[in-house]
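Some notes on the structure that comes next.
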Amino acid sequence: MVTNSEFSKHINEGYTSKGESIILGGAILNGEAVADTFVKVPLKTLNRHGLIAGATGTGKTKTIQVLSEQLSSFGIPVLMMDIKGDFSGIAKEGEEKSFITERHAKINIPFTTASFPVELMSLSQQNGVRLRATVSEFGPVLFSRILDLNDTQSGVVSVIFKYCDDLKMPLLDLKDIKKVLNYITDEGKDEISASYGKISTSTTGIILRKIIELEQQGGDLFFGEKSFEIDDLMRIDENGKGYVNIIRLTDIQDKPKLFSTFMLSLLAEIYQQMPEKGDVEQPELVIFIDEAHLIFNEASKALLDQIETIIKLIRSKGIGVYFVTQNPMDVPASVLAQLGLKIQHALRAFTANDRQAIKQTADNYPTSNFYKTDEVLTSLGIGEAFVTALNEKGIPTPLAATMMRAPMSRMDVLTDSEIEELNNQSKLVRKYAEEIDRESAYELLTKKIDDAVQQAEAQAKEENQSETKKSSEPSTGSVIGKSVVKVVTSATFIRGVFGVLSKLFRK
């Protein structure tokens with residue numbers, strides 16, 4: 001029979017760290033919390049990524065809230081994807097209620113209330129800091145992967161980026177790249193063919209349809225200026241607390257393409273801009289991706305490879321990425337293998353598939369002499385979870401069923417008036433409020449085409465007048481004579497348009 005003292009010693013030794021750590025809660029044995037047996041995660045290993053999983057209603061949201069509060073308290077900024085609109089209450093102090101104080105008494109952790117600095121952000125028309133990026137910032141490779149293009153189509157996108165770069169035509173929003181696609185299959189076909197090789201109209205048609213699909217999911221709101229600056233995610237307030245940046249995504253749950261586009265671009269941008277940190281004492285930023293299956297369900301093989309690569313590399317920049325989902329099997333095995341911290345709330349076994357998923361989940365956790373993992377997974381209560389992390393040496397900690405501590409901030413959302421007040425006080429809302437539409441590929445190509453048409457019309461008119469002077473009107477067959485003039489005028493105009501365009505773009 002295992003005693004509480006043996007269990008307590010096992011857990012406390014496994015979760016001891018020399019540096020700073022955050023306390024998630026107290027360990028549970030035989031369904032009861034064991035006092036003074038704390039489950040802690042070293043700050044040093046929080047850039048090793050993680051998973052928070054569990055069935056609906058088991059406490060995932062509050063776990064994310066607790067983690068965000070603890071990180072903020074240590075001056076570590078947080079970025080979280082708020083799909084269901086659950087997290088805005090972090091900006092206000094919580095309340096001391098009897099069930100919370102009873103829980104904390106069991107695990108012997110004092111309970112206090114606190115609020116934390118919050119920025120509300122949006123990819124759409126919701127109030128908050130507007131998040132945007134330009135097409136050029138994505139680059140041809142990432143843009144092609146987001147559209148799920150094959151090698152041939154990706155090659156055409158690379159040509160478009162090169163062409164616009166050579167002619168110094170910025171690609172800022174989706175209407176820019178749509179305009180270029182239309183141009184290279186119509187007025188500029190000969191020019192592109194001469195300088196960059198022939199491009200199939202069927203290929204450009206497929207690319208255009210993919211862009212329209214992205215546009216219909218809200219991509220036209222996301223692509224453009226003013227671009228969001230990554231440094232604005234790294235802010236600390238006057239009290240030394242890290243900002244909790246909450247991206248409100250309640251209105252794009254049915255637009256997974258936009259969500260995955262944003263997430264991948266953000267991770268890529270952070271990776272490119274952040275300097276190498278190596279072995280740091282605490283992370284620079286921690287990102288929580290709620291409803292992570294929305295990314296992986298929509299991702300192509302190329303996109304999954306890109307995500308896996310970024311997850312592997314971004315930890316060296318001091319960035320931790322945490323995936324939140326109902327079933328851990330929603331996360332590809334290649335990504336799951338990169339995750340250091342795992343917090344598994346209860347799973348429910350209603351079907352044979354559910355039981356199989358529970359067995360697979362149990363197999364992903366360290367073996368334990370204190371638990372039958374698959375059985376405990378179905379019996380965990382609300383706010384309880386299996387936890388395993390990495391210690392400061394990178395070794396997995398013992399598996400611990402944990403009674404999670406309660407959030408210090410409000411466990412409910414802000415009211416509309418509170419959201420308005422928060423946004424009115426935000427410097428970032430004002431900074432990114434203006435939508436800029438400066439001269440870019442769309443305007444430049446439109447102007448070139450208009451100029452070419454005007455010059456061609458003038459040239460055709462001159463040639464027509466010259467032809468008229470050279471020939472006298474025949475007394476008979478006047479109808480035939482007029483028709484010849486019209487044909488000459490039409491042919492002259494067409495030759496003129498393409499001649500002028502060719503001269504303009506050779507400059």
Side-chain angles (χ1 to χ4, degrees), residues 7-28 33-34 36-53 62-80 107-110 116 234 236 240-242 244 274 276-289 311-324 336-345 364-366 368 370 385-408:
F7 174 74
S8 183
K9 181 182 178 183
H10 173 72
I11 296 298
N12 285 331
E13 286 178 353
Y15 284 89
T16 296
S17 60
K18 294 179 181 178
E20 296 282 8
S21 59
I22 62 176
I23 300 177
L24 295 180
I28 300 171
V34 179
D36 300 322
T37 307
F38 302 121
V39 177
K40 300 182 289 187
V41 183
L43 295 184
K44 191 180 180 71
T45 65
L46 284 172
N47 66 328
R48 299 297 295 272
H49 315 314
L51 171 74
I52 302 166
K62 299 301 177 279
T63 293
I64 300 169
Q65 193 168 342
V66 165
L67 281 166
S68 299
E69 293 173 349
Q70 297 295 310
L71 291 165
S72 176
S73 297
F74 279 102
I76 301 170
V78 171
L79 175 66
M80 60 169 64
I107 56 180
N108 200 21
I109 297 176
F116 299 86
M234 312 292 181
I236 310 295
K241 292 182 178 180
V244 180
M274 291 291 290
E276 287 286 337
K277 294 291 183 179
D279 194 17
V280 293
E281 292 303 312
Q282 66 180 48
E284 298 291 310
L285 175 72
V286 171
I287 302 171
F288 293 97
I289 304 176
I311 293 299
K312 283 181 180 178
L313 299 176
I314 204 170
R315 68 176 62 159
S316 66
K317 305 296 183 92
I319 309 298
V321 181
Y322 289 75
F323 298 100
V324 185
L336 205 58
Q338 307 296 320
L339 310 181
L341 173 63
K342 295 186 178 73
I343 301 175
Q344 178 65 60
H345 287 269
N364 282 324
Y365 285 86
S368 172
F370 300 95
F386 264 135
V387 175
T388 182
L390 296 177
N391 65 19
E392 290 169 318
K393 295 180 181 179
I395 302 170
T397 59
L399 184 64
T402 306
M403 182 174 286
M404 306 295 287
R405 68 188 300 170
M408 295 181 281

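Please read all numbers here as calculations on a predicted model, not as lab measurements.
Inter-residue side-chain proximity for Tyr322 and Ile64 is flagged as unmet; no heavy-atom pair is nearer than 4.5 Å. Side-chain contact between Leu43 and Ile22: present, with at least one pair of heavy atoms (C-beta onward) separated by less than 4.5 Å. In this structure, Val244 and Met80 have side chains that are in contact, with non-hydrogen atoms separated by less than 4.5 Å. Inter-residue side-chain proximity for Val34 and Ile11 is flagged as unmet; no heavy-atom pair is nearer than 4.5 Å. Using a 4.5 Å cut-off on side-chain heavy atoms (C-beta onward), Ser17 and Asn391 make no contact. Residues Ser68 and Phe116 have side chains not in contact (no heavy-atom distance under 4.5 Å, counting atoms from C-beta outward). Side-chain contact between His49 and Ile314 is present, with heavy atoms from C-beta onward closer than 4.5 Å.
From Ile311, atom CD1 reaches atom CG of Leu336 across 12.0 Å, with rounding to the nearest 0.5 Å. Between the CE atom in Met404 and the NZ atom in Lys62 there is a gap of 12.5 Å [rounded to 0.5 Å]. Atom OG1 of Thr45 sits about 12.0 Å away from atom CD1 of Ile395, to the nearest 0.5 Å. From His10, atom NE2 reaches atom OG of Ser368 across 5.5 Å, with rounding to the nearest 0.5 Å. Once rounded to the nearest 0.5 Å, the distance linking CG of Leu339 with CG of Asn364 reads 10.0 Å. With rounding to the nearest 0.5 Å, the separation of CD in Glu284 from CG in Leu46 is 12.5 Å.
No donor-acceptor distance shorter than 3.5 angstrom exists from the side chain of Thr402 to the backbone of Gly26, with no hydrogens or angles considered. For the pair Ser21 (side chain) and Lys40 (backbone), a donor-acceptor distance under 3.5 Å is absent. Here the side chain of Lys277 pairs no donor or acceptor atom with the backbone of Gly318 at under 3.5 angstrom. Remark: the backbone N or O of Ile23 is paired with a side-chain donor or acceptor of Arg405 at under 3.5 angstrom. Remark: side-chain polar atoms of Gln282 are not paired, donor with acceptor, to backbone N or O of Ile76 under 3.5 angstrom. A donor-acceptor contact shorter than 3.5 Å is absent between the side chain of Tyr15 and the backbone of Thr37.
Screening Ile319, Ile289, Ile287 for a side-chain contact (heavy atoms from CB on, under 4.5 Å) involving Leu79 leaves a single residue, Ile287.
Pairing each heavy atom of Ala400 with each of Val39, the nearest pair is CB-CG2, 3.9 Å. Taking both residues in full, the closest heavy atoms of Ile343 and Ala385 are given as CG2-CB, 3.7 Å, listed atom of the first, atom of the second, then distance. Closest non-hydrogen pair, Pro396 versus Thr388, comes out as CB-OG1, 4.4 Å. Leu399 and Pro366 get closest at one heavy-atom pair: CD2-O, 3.6 Å. Shown here for Ile107 and Ala33, the closest heavy-atom pair between the two residues is CG2-CB, 3.9 Å. Residues Pro42 and Glu392 share a closest heavy-atom pair of CB-CG, 3.8 Å.
Applying the ring pair (Phe, Tyr, Trp, His ring centres under 6.0 Å) criterion to Phe7, with sequence neighbours excluded, gives Phe370. With sequence neighbours excluded, the residues satisfying salt bridge (charged side-chain N to carboxylate O under 4.0 Å, His left out) with Lys312 are Glu308. For Asn12, the side chain to side chain donor-acceptor pair (under 3.5 Å) test picks out Ser8, with sequence neighbours left out.
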Open item on the list: Run Asp279 and Lys44 through side-chain contact (heavy atoms from CB on, under 4.5 Å) and show every step you take.
Closed with: CA-CA 8 Å; Asp279 194 17; Lys44 191 180 180 71; 3.3 Å; yes

